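Below is one structure, written out as structure tokens, with a few remarks after it.
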Amino acid sequence: MAQKTGKQPGGPDQVQDDPLMWPFAAARLAMDACFWWMERGPSEPTDSSLPWTTPGSVALELATMRLRDCTTDRSGQPALVCAPYALHRALIADFAPGHSVVQSLQRGGVDRVYLTDWRSATSDMRYLSIDSYLADLNVAIDEIGAPVDLVGLCQGGWLSLLYAARFPAKVRRLVLAGAPVDLSIDSAMSRLARNAPGMVYDQLVARGGGNVSGDEMLRFWSKTPSRDDVATALQRELSDEEGAALLARFDQWNVEPLDLPGTYYLEIVNWIFRENRIAGGDFVALGRKVRLKDVKAPIFLLAGLDDDVVPATQALATAQLVGTPPAFIAAASEPSNHLGLFMGARTHLHAWPRIAEWLRDDLSGVLARSA
């Protein structure tokens with residue numbers, strides 16, 4: 001058994017090269033680390049010190065989230081950006097000028113934009129489940145006014161797809177960016193989830209007092225993102241004054257992770273990544289088994305050609321699972337890694353304006369044009 005030395009444990013090269021990966025890797029590393037951090041106890045979650053890029057207000061305070069309202073004109077069709085609830089905060093969707101999904105949608109003419117600002121889990125949130133997050137997402141959408149356009153980023157993508165399958169009448173259009181859905185398609189995340197024994201995940205949650213500590217997940221990795229890593233994610237040089245400010249902002253964002261409720265975490269690991277229930281048609285959401293074929297809304301799929309977390313083949317395979325007619329499915333593959341899909345300057349110059357235009361487009365003539 002390894003001794004509790006207080007040092008950071010080592011890990012596989014792949015994990016070291018991608019410290020921003022969803023913390024399934026923590027369980028694999030925990031087998032070697034022997035839960036070295038628990039002698040210090042879990043850390044208390046704190047609010048982010050970083051300001052938002054896009055002006056807005058808090059429209060709703062829920063147990064799982066603050067619903068941010070970035071609306072500039074209340075007469076338009078509402079779009080709700082469902083940020084990933086994983087290791088990092090929702091600022092991933094509103095990082096900086098030229099690197100913000102919220103801003104790109106607004107510049108593309110989508111005036112009513114909302115954002116799920118997920119809360120870091122406290123001890124009394126440890127039993128919250130995927131159903132808890134779907135239920136609060138439903139409350140938020142009712143508050144905004146259905147039907148909405150749902151824009152799901154990474155882990156927010158499968159949550160958005162589940163919601164659209166459970167409440168199809170409440171979703172007008174669906175954007176899934178770098179979203180893992182069919183985990184039978186090989187990826188780094190699916191391999192990490194499958195290869196570690198199930199008891200390791202249970203122990204990880206038990207040793208964390210019922211939650212998974214985001215702060216401690218970061219301590220697992222032996223290096224922080226380098227300047228080159230950040231430049232690749234942001235798709236720009238960082239040598240000038242503006243680049244230095246972006247680098248500092250990224251570094252601060254990276255060290256302000258979220259804690260995850262243990263129940264929610266274990267359901268994702270087991271039901272989604274190990275058992276592939278969403279793609280397999282076996283997922284029960286809010287008391288009802290959902291079928292992806294019930295999703296008939298127009299869908300836009302965005303994939304990164306250099307994405308090692310959710311490979312393009314996995315991100316685009318969702319098209320084969322839903323009931324949306326092929327003529328109403330749009331897709332784009334960008335020369336981008338995973339973070340670059342949400343933060344990359346090049347992606348925001350090309351893909352996100354196209355998505356905004358697609359959200360505003362009258363699709364009634366699509367079938368006629370494709371005939």
Side-chain angles (χ1 to χ4, degrees), residues 17-22 48-54 56 68 70 79 81-108 110 113 115-118 151-157 175-180 189 214 218 224-240 242-258 300-312 315 332-356:
D17 290 341
D18 194 355
L20 298 168
M21 187 180 289
W22 168 251
S48 174
S49 64
L50 292 170
W52 296 94
T53 298
T54 305
R68 285 191 55 78
C70 303
V81 179
C82 190
Y85 184 43
L87 184 58
H88 288 88
R89 296 179 180 271
L91 197 71
I92 191 174
D94 192 34
F95 180 69
H99 304 270
S100 164
V101 172
V102 173
Q103 182 189 70
S104 289
L105 292 176
Q106 288 185 337
R107 287 180 173 177
V110 182
V113 182
L115 174 64
T116 60
D117 180 18
W118 302 112
V151 181
L153 312 182
C154 185
Q155 302 288 336
V175 177
L176 303 179
M189 283 198 295
L218 288 182
T224 57
S226 67
R227 177 185 289 266
D228 287 343
D229 294 331
V230 179
T232 299
L234 298 182
Q235 298 171 352
R236 58 154 294 160
E237 295 293 332
L238 300 176
S239 55
D240 58 8
E242 181 183 1
L246 284 171
L247 178 61
R249 185 171 173 83
F250 187 98
D251 287 343
Q252 184 62 35
W253 169 78
N254 184 50
V255 298
E256 293 180 345
L258 294 172
F300 194 111
L301 301 173
L302 178 62
L305 294 174
D306 303 315
D307 191 341
D308 293 329
V309 179
V310 182
S333 298
E334 289 291 316
S336 170
N337 67 6
H338 192 62
L339 277 183
L341 292 174
F342 324 122
M343 292 181 163
R346 186 175 57 249
T347 309
H348 281 287
L349 281 176
H350 300 291
W352 285 103
R354 180 182 168 190
I355 290 171

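Because only heavy atoms are used, hydrogens play no part in the values below, and waters and symmetry mates are left out as well, while side chains stay in. No experiment lies behind these values; they were computed from the predicted model shown. Along the sequence shown, the residues carry numbers beginning at 1.
Under the 3.5 Å distance criterion, the side-chain polar atoms of Arg68 are left unmatched by any main-chain donor or acceptor of Asp117. Panel note: side chain Trp52, backbone Asp94; no donor-acceptor pair is recorded below 3.5 Å. The backbone N or O of Gly344 lies less than 3.5 Å from no partner atom in the side chain of Glu334, so there is not a single donor-acceptor pair. Formation of a donor-acceptor pair under 3.5 Å by the Ser104 side chain with backbone atoms of Ser100 is found in this model. Side chain of His88 to backbone of Asn254: a donor-acceptor contact under 3.5 angstrom is found. Looking only at distances, a side-chain donor or acceptor of His348 sits under 3.5 Å from a matching main-chain atom of Phe342.
Looking at Asp229 and Ser226, their side chains do bring a donor and an acceptor atom within 3.5 Å of each other.
Here the options are Val110, Thr54, Val151, the test is side chain to side chain contact (heavy atoms under 4.5 Å, CB included), and the partner is Val102; only Thr54 passes.
Considering all non-hydrogen atoms of both residues, Gln235 and Pro335 come closest at NE2-O, 4.1 Å. Smallest separation of non-hydrogen atoms from Thr347 and Gly340: OG1-O, 3.0 Å. Here the shortest heavy-atom pairing between Ala233 and Leu339 reads CB-CB, 3.9 Å. In plain terms, the two heavy atoms of Trp352 and Leu105 that are nearest each other are CE3-CD2, 4.2 Å. Contact detail for Ala96 and Arg249: the closest heavy-atom pair is CB-NE, 4.4 Å. Scanning all heavy atoms of the two residues, the minimum distance from Arg89 to Pro257 falls at NH2-O, 3.9 Å.
The shortest distance between side-chain heavy atoms of Leu341 and Leu302 falls below 4.5 Å.
By the side-chain contact (heavy atoms from CB on, under 4.5 Å) test, Ser333 is found to be paired with Ala303, Leu305, Leu316, residues two or more places apart in sequence or in another chain being considered. With sequence neighbours left out, the side-chain contact (heavy atoms from CB on, under 4.5 Å) criterion links Arg107 to Gln103.
We find the CG-CG distance between Asp251 and Leu247 to be 4.5 Å, quoted to the nearest 0.5 Å. One finds the CD1 atom of Ile92 at 6.5 Å from the NE2 atom of His338 (value rounded to the nearest 0.5 Å). Distance check: Arg227 CZ to Glu237 CD gives 9.5 Å after rounding to the nearest 0.5 Å.
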Might you work through the side chain to side chain contact (heavy atoms under 4.5 Å, CB included) test for Gln155 and Trp118, ending with a clear yes or no?
-> CA-CA 12 Å; Gln155 302 288 336; Trp118 302 112; over 6 Å; no
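By the 30° and 60° cut-offs, the orientation of the rings of Phe95 relative to His99 is perpendicular.
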